[in-house]
Amino acid sequence: MKLKALKPRLHNAMFHTHTVSGIVISFALFICFYCGAVALFLDELHQWENPESRIELVEASTVDYDAIIDKISNRIPDFNVTGQFGIVPPKKSNPLVWFYGSTKDEEGTVERFTATIDPNTYEVLSIGKEPKTHMGRTIYELHFFHQIPVIGIYLSGLVAFFFLFAIVTGLLTHWKNIVNRFYSLTVEGKWKQIWTNSHISLGFIALPFQMIYAVTGALLGLSILLLAPSAFLLFDGDTSQVIKAVVPAAAIKYDEDAAFVENDDIGFNSVFHEVNSGYPENEVTYIYANNFGKEDGTITVRVDDHTGISGDGTFVYGYKDGELVGAIEPVTKSYSEGAYNVLIKLHYVTYGGIFLKIIYFILAMITCYIIMSGVMIWRTARDNKKYTDKQRRFHHRVTKVYLAITLSLFPALALIFLANKAVPLDLEDRVFYVNSIFFSGWLVLTIIGLFWNNYRKLNRNYVFLGSLFGLLIPIANGWVTGDWIWKAIADKQHFVYSVDITWLVIGISGLLISRYYLTPRAKVDKPHETKRKVELIPEKPIIREEPQPVLQSISKTE
């Protein structure tokens with residue numbers, strides 16, 4: 001089946017635009033998808049990376065949140081109670097209570113802090129600028145380049161925008177033969193043909209998924225830049241009105257000089273139970289306060305059912321009288337109220353459960369392959385006599401740099417898991433050391449890869465190293481925490497043994513792939529094959545009289 005093709009001039013324009021836009025963003029886009037795929041399981045990774053959270057789950061409705069606030073206030077004298085602070089209730093994937101707040105000294109300097117509390121004993125397990133463990137957050141932050149100050153999030157938004165551009169131009173370029181190419185996927189023939197067919201076929205399969213991430217990634221990464229024109233067009237430059245239309249709770253203005261009021265009837269506990277009783281099918285995901293204790297203070301509760309794409313909601317209560325100030329109710333919300341949260345749900349897969357996350361993960365890995373196959377198609381297409389030796393060497397160096405940066409991320413990712421266990425949990429500034437091992441290890445692995453000129457060797461070595469490190473991860477977890485796989489299964493620590501088993505499967509599979517599929521084999525003719533070739537030659541007395549020397553020479557070369 002062939003569809004109607006574009007006109008030659010338009011086709012060439014789309015083809016070259018697709019090639020240029022794709023090759024420019026390829027390695028950055030690979031990082032976004034690779035790290036983003038792992039970050040989908042941010043909650044599921046937490047108990048593995050933090051042994052302190054491997055405790056029995058306490059029902060969120062039984063926790064005394066007001067007592068936790070008093071505990072933090074007594075522990076931190078400079079706790080800024082009028083600034084925004086919040087509490088994350090315990091949940092199955094993270095049974096600890098998380099507290100986010102800030103301190104304010106006499107000079108007015110504000111510093112953020114994070115604390116974790118055991119809901120069984122109300123003991124403060126950790127408190128500081130960062131939590132004890134940050135492995136999952138580091139991977140999550142890397143997927144939108146948070147490590148690049150100020151502009152990182154905008155760069156990720158631009159990458160997503162150009163990815164959308166590459167998707168559209170690629171679809172138009174291959175529109176004529178997209179159906180035929182879809183059914184012609186094969187692993188035989190020349191590598192260029194294999195990469196081209198798989199690039200188109202897998203791209204066609206993952207097209208809806210990629211469109212979702214291109215649109216949501218661009219909108220979330222460039223949200224501030226997109227809100228500014230809307231403010232000027234719709235609200236005479238008042239950005240607060242745009243924010244109010246999208247996130248009503250964020251548009252409330254507070255008076256720093258507002259008077260304090262005494263109201264013992266209103267607190268985190270009362271507001272939690274009010275919302276929890278009204279929406280029992282929804283889980284309370286976050287409670288936070290602004291200007292707490294003052295006349296215009298508010299307490300906000302976020303809920304989510306984790307199943308539907310519009311099952312989240314927000315409720316804002318006034319501290320003075322406990323009245324509902326504003327609400328975005330689940331399911332019944334308006335388009336403007338639900339649009340932003342729908343983007344978040346689609347991007348972070350906070351709906352549909354664990355099986356949908358697995359599907360997203362597989363599609364993200366397929367997208368990573370599509371990106372790499374596109375680079376290899378670009379490289380192979382330029383390895384011909386049309387280009388000078390200097391140009392071909394340049395193309396080779398660019399390809400090698402791209403492959404080294406992206407493929408080395410696999411062993412580097414395994415390295416951060418190992419670093420999370422190697423660095424002691426009570427060590428001060430351990431997050432810095434874990435992250436340093438990850439990023440410096442990634443850099444070293446990338447530099448080493450630049451010395452491997454053979455693409456197959458480069459790929460094989462990175463797969464081998466990543467698989468080897470992956471096999472060490474369950475051993476490191478069992479050695480440091482005592483929760484070996486069999487013990488974690490017996491104790492029903494589902495998230496812990498799932499991570500270990502996953503790395504075990506990845507490690508064994510990777511070693512087998514590097515051994516049997518990525519290791520080059522020397523082509524040596526066997527004696528019986530050579531004899532068959534000789535017999536096919538027209539009869540000549542010299543061949544029939546002297547077959548033995550031929551066999552002997554071959555056996556010697558073997």
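Sequence positions, counted from 1, serve as the residue numbers for this chain.
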Handout entry: Presence of salt bridge, Arg302 and Asp312, under 4.0 angstrom
Key = no
Exercise for the section: Could you tell me whether Lys132 and Glu52 make a salt bridge, using a distance below 4.0 angstrom between a side-chain N and a carboxylate O? Expected result: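 Salt bridge present between Lys132 and Glu52.
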[atom1]-[atom2] distance between [X] and [Y], expressed to the nearest 0.5 angstrom:
X: His306; Y: Asn282; atom1: NE2; atom2: CG; value: 8.5 Å
X: Ser61; Y: Glu283; atom1: OG; atom2: CD; value: 11.0 Å
X: Leu207; Y: Leu363; atom1: CG; atom2: CG; value: 11.0 Å
X: Lys345; Y: Thr216; atom1: NZ; atom2: OG1; value: 14.0 Å
X: Ser21; Y: Ile167; atom1: OG; atom2: CD1; value: 10.0 Å
X: Thr367; Y: Gln210; atom1: OG1; atom2: CD; value: 4.0 Å

For [X], does the [atom1] atom sit with more than 12 other heavy atoms under 6.0 Å from it, leaving out its own atoms?
X: Tyr100; atom1: OH; answer: yes
X: Glu56; atom1: CD; answer: no
X: Phe162; atom1: CZ; answer: no
X: Tyr122; atom1: OH; answer: yes

Completion exercise
The residue among Tyr65, Phe79, Phe268 that forms ring-ring contact (aromatic ring centres under 6.0 Å, His included) with Phe99 is Phe79
Completion exercise
From the list Phe495, Trp98, Phe41, ring-ring contact (aromatic ring centres under 6.0 Å, His included) with His46 holds only for Trp98
Handout entry: Worked verdict on Phe410 versus Leu415 for side-chain contact (heavy atoms from CB on, under 4.5 Å)
Key = CA-CA 9 Å; Phe410 172 46; Leu415 198 60; over 6 Å; no
Problem - Identified side-chain contact (heavy atoms from CB on, under 4.5 Å) partner of Asp304 from the options Val284, Thr285, Asn341 - result: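 Single side-chain contact (heavy atoms from CB on, under 4.5 Å) partner of Asp304 among Val284, Thr285, Asn341: Thr285.
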Handout entry: Output field: ring centroids Phe33/Phe163 closer than 6.0 Å
Key =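 Between Phe163 and Phe33, which both carry aromatic rings, the centre distance is below 6.0 Å.
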Handout entry: Check: Phe417 ring centroid to Trp48 ring centroid under 6.0 Å
Key =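 Phe417 vs Trp48: aromatic centres under 6.0 Å.
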[Y] and [X] side chains, donor-acceptor separation under 3.5 Å:
X: Thr82; Y: Asn80; answer: yes
X: Tyr254; Y: Thr298; answer: yes
X: His494; Y: Tyr497; answer: yes

Pairwise side-chain contact, [X] with [Y], heavy-atom cut-off 4.5 Å (strictly under):
X: Ile416; Y: Ile437; answer: no
X: Leu219; Y: Tyr340; answer: no
X: Asn276; Y: Pro280; answer: no
X: Leu418; Y: Phe469; answer: yes
X: Arg75; Y: Asp70; answer: no
X: Lys91; Y: Asp43; answer: yes
X: Glu141; Y: His134; answer: yes
X: Val275; Y: Tyr317; answer: yes

Practice task
Evaluate ring pair (Phe, Tyr, Trp, His ring centres under 6.0 Å) for Tyr319 paired with Phe292, printing each intermediate quantity in order.
Solution key: CA-CA 7 Å; Tyr319 177 79; Phe292 189 70; 5.0 Å; yes
Practice task
Take the angle between the ring planes of Tyr213 and Phe209 and call it parallel below 30°, perpendicular above 60°, tilted in between.
Solution key: tilted
Exercise for the section: Just say parallel, tilted or perpendicular for the rings of Tyr402 and Phe27, cut-offs at 30° and 60°. Expected result: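 Geometry flag for Phe27 against Tyr402: tilted rings.
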Side-chain donor/acceptor of [X] to backbone N/O of [Y], under 3.5 Å:
X: Ser53; Y: Asn50; result: yes
X: Asp64; Y: Ala67; result: yes
X: Lys400; Y: Gly449; result: no
X: Arg460; Y: Ser514; result: no

Handout entry: From CA spacing to verdict: salt bridge (charged side-chain N to carboxylate O under 4.0 Å, His left out), Lys357, Glu44
Key = CA-CA 11 Å; Lys357 286 187 178 183; Glu44 288 76 10; 3.2 Å; yes
Handout entry: Derivation and outcome, side-chain contact (heavy atoms from CB on, under 4.5 Å), residues Phe464 and Leu511
Key = CA-CA 6 Å; Phe464 175 79; Leu511 290 179; 3.6 Å; yes
Practice task
Apply the test side-chain contact (heavy atoms from CB on, under 4.5 Å) to residues Cys35 and Leu409: give CA-CA distance (whole Å), side-chain angles for both, the deciding distance (0.1 Å), then the verdict.
Solution key: CA-CA 9 Å; Cys35 294; Leu409 193 54; 4.0 Å; yes
Grab the two heavy atoms, one from [X] and one from [Y], that are nearest each other, plus how far apart they are.
X: Pro119; Y: Leu96; answer: CD-CA, 4.2 Å
X: Tyr360; Y: Leu346; answer: CE2-O, 3.7 Å
X: Ile127; Y: Ile76; answer: CD1-CD1, 2.9 Å
X: Phe315; Y: Ala327; answer: CD2-CB, 3.7 Å
X: Gln147; Y: Leu142; answer: OE1-CA, 3.4 Å
X: Ser26; Y: Ile371; answer: O-CG2, 3.4 Å

Handout entry: Intermediate values then yes/no, salt bridge (charged side-chain N to carboxylate O under 4.0 Å, His left out), Arg54 and Asp483
Key = CA-CA 10 Å; Arg54 301 175 189 179; Asp483 292 327; 2.6 Å; yes
Problem - By side chain to side chain contact (heavy atoms under 4.5 Å, CB included) - contacts of Ser408 (at least two apart) - result: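 Applying side chain to side chain contact (heavy atoms under 4.5 Å, CB included) to Ser408 gives Trp442, Leu445, Thr446, Tyr462.
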Practice task
Let me see the working for Gln47 and Asn94 under side-chain contact (heavy atoms from CB on, under 4.5 Å), right down to the final yes or no.
Solution key: CA-CA 6 Å; Gln47 285 190 40; Asn94 184 5; 5.8 Å; no
